[in-house]
Number of protein chains: 2
Amino acid sequence: MCKQCNYETLLSAARLDATDNRLRVLEVIGNNSYPLSAADIFKTLDRTYRINRVTVYRILDLLVEHELVDRISTGGRAFYYGMAPNAHHHPHPHFYCKRCGQMDCLTPDSLNVDSEALWKTFPGRIDKVEVRVDGICKNCMK
Amino acid sequence: MCKQCNYETLLSAARLDATDNRLRVLEVIGNNSYPLSAADIFKTLDRTYRINRVTVYRILDLLVEHELVDRISTGGRAFYYGMAPNAHHHPHPHFYCKRCGQMDCLTPDSLNVDSEALWKTFPGRIDKVEVRVDGICKNCMK
DNA sequence: GGCTTCAATGCAATAAATTTGCATCAAAGT
DNA sequence: ACTTTGATGCAAATTTATTGCATTGAAGCC
Ligand SMILES: [Mn+2]
Ligand SMILES: [Mn+2]
Ligand SMILES: [Zn+2]
Ligand SMILES: [Zn+2]
């Protein structure tokens, strides 16, 4: 969730035209409190405004490429999408329930990751560190 | 790489028949110093012993289910497979090069992750914590 | 030995998620 | 008006993995 973010501003800061579709994709992702799959995003949008599935994929690629959106791997086959780290939104681990596929955001410090040393010594370029906790959510445990 | 592991022992400890195919899949994974995709494993095996792709997938599922092998997500679409943590093989982060798809094992302490607190307080079941560093490997940087 | 059972494997078809190629359309530039 | 360009749509293809069903070969049993 990124209530403090202005999506038009984010797009223009990345020098991307703020088309209706792009704004809507960004809103669906930003207003949600947990990451969504491309299919989720498509279904959500398509209920209200007719949009093509491929357009959603293309917009997601674009937003990921410009680092407005984070592509998050799951223990399953589809990627999930959440807001990329920015001033209001710090990197944090996620929990993935392999039973129901729900992904939750964990607090940035729920799990303490110190990657400073690696960033300094790693012989290559590091773009991001993804931390994912896999298991069964409390809902699915019952 | 798991030179200290006896694959037959591992299989029988999991009460799985040590068929030739299972042993070979486990050897390919265990003798490799970095995780491989199902396609890599299939190609490696199929060069020497004819085997069906589906058999490889099924054996991988089985080995993952019995926790002999770890299914590792990448920044790409395919899963990679490495030896699951065991007495000789501690959990560790991986580096994934999004250019060439090569995955490397990082040392268990190259990146310090403290998940104790989470394990105690999390309202659900935690099966594993996966840490993946994404970027461009030094080879692809040149 | 002959018969049954069962797990392991193969092969073909299918599925799920994503990507590509090509057509269309509308806004912006000249 | 004419041209260019980027955004979108639609169909087809690709990649990765899964399912259904047939075959086979090694126990287990009489
Ligand atoms: Mn998140
Ligand atoms: Mn490894
Ligand atoms: Zn769940
Ligand atoms: Zn590389």
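Residue numbers start from 1 in every chain, and the chains themselves are labelled A, B, ... in the order their sequence lines are given, proteins ahead of strands.
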**Report entry** Validation row: B:V64, B:D70 side chains within 4.5 angstrom (heavy atoms)
**Finding:** no
Whole angstrom value for the distance that separates [atom2] of [N] from [atom1] of [X]:
{"X": "A:I59", "N": "D:dG6", "atom1": "CD1", "atom2": "C1'", "answer": "12 Å"}
{"X": "A:L36", "N": "C:dA17", "atom1": "CG", "atom2": "P", "answer": "14 Å"}
{"X": "A:D20", "N": "D:dT8", "atom1": "CG", "atom2": "P", "answer": "8 Å"}
{"X": "B:K43", "N": "D:dT16", "atom1": "NZ", "atom2": "P", "answer": "9 Å"}
{"X": "A:R24", "N": "D:dA7", "atom1": "CZ", "atom2": "C1'", "answer": "13 Å"}
{"X": "A:L62", "N": "C:dT18", "atom1": "CG", "atom2": "C1'", "answer": "16 Å"}
{"X": "A:Y49", "N": "D:dA7", "atom1": "OH", "atom2": "C1'", "answer": "18 Å"}
{"X": "A:L26", "N": "D:dA7", "atom1": "CG", "atom2": "P", "answer": "15 Å"}

Requested in this report: Dump the intermediate steps for side chain to side chain contact (heavy atoms under 4.5 Å, CB included) on A:T74 and A:D134, then the final yes or no.
Outcome: CA-CA 8 Å; A:T74 69; A:D134 285 344; over 6 Å; no
Query raised in the report: Side chains of A:H92 and A:H90: do they bring a donor and an acceptor to under 3.5 Å?
Result: no
Just N and O in the side chain of [X]: are any of them under 4.0 Å from OP1 or OP2 of [N]?
{"X": "A:N52", "N": "D:dT8", "answer": "no"}
{"X": "A:N21", "N": "D:dT8", "answer": "yes"}
{"X": "A:Y57", "N": "C:dT18", "answer": "yes"}
{"X": "A:T19", "N": "D:dA7", "answer": "no"}
{"X": "A:R53", "N": "D:dG9", "answer": "no"}

Nearest-neighbour nucleotide for the [X] side chain, [options] considered:
{"X": "B:T55", "options": "D:dG9, D:dT16, C:dG10", "value": "C:dG10"}
{"X": "A:V54", "options": "D:dT16, D:dT8, D:dC10", "value": "D:dC10"}
{"X": "A:A38", "options": "C:dA15, D:dA7, C:dT18", "value": "C:dT18"}

Query raised in the report: Would you call B:R125 and B:D127 a salt bridge, taking side-chain N to carboxylate O under 4.0 Å as the test?
Result: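 Yes, B:R125 and B:D127 are salt-bridged.
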Requested in this report: Describe the nucleic acid contact of B:R50 in one word from base, sugar-phosphate, nothing, applying a heavy-atom distance below 4.0 Å.
Outcome: sugar-phosphate
Query raised in the report: With distance as the sole criterion, do the side chain of B:R58 and the base of C:dG10 form a donor-acceptor contact below 3.5 Å?
Result: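 Donor-acceptor pair under 3.5 Å: yes.
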Query - Centroid separation A:F122 to B:F95 less than 6.0 Å - result: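 Yes, the ring of A:F122 comes within the 6.0 Å limit of the ring of B:F95, centre to centre.
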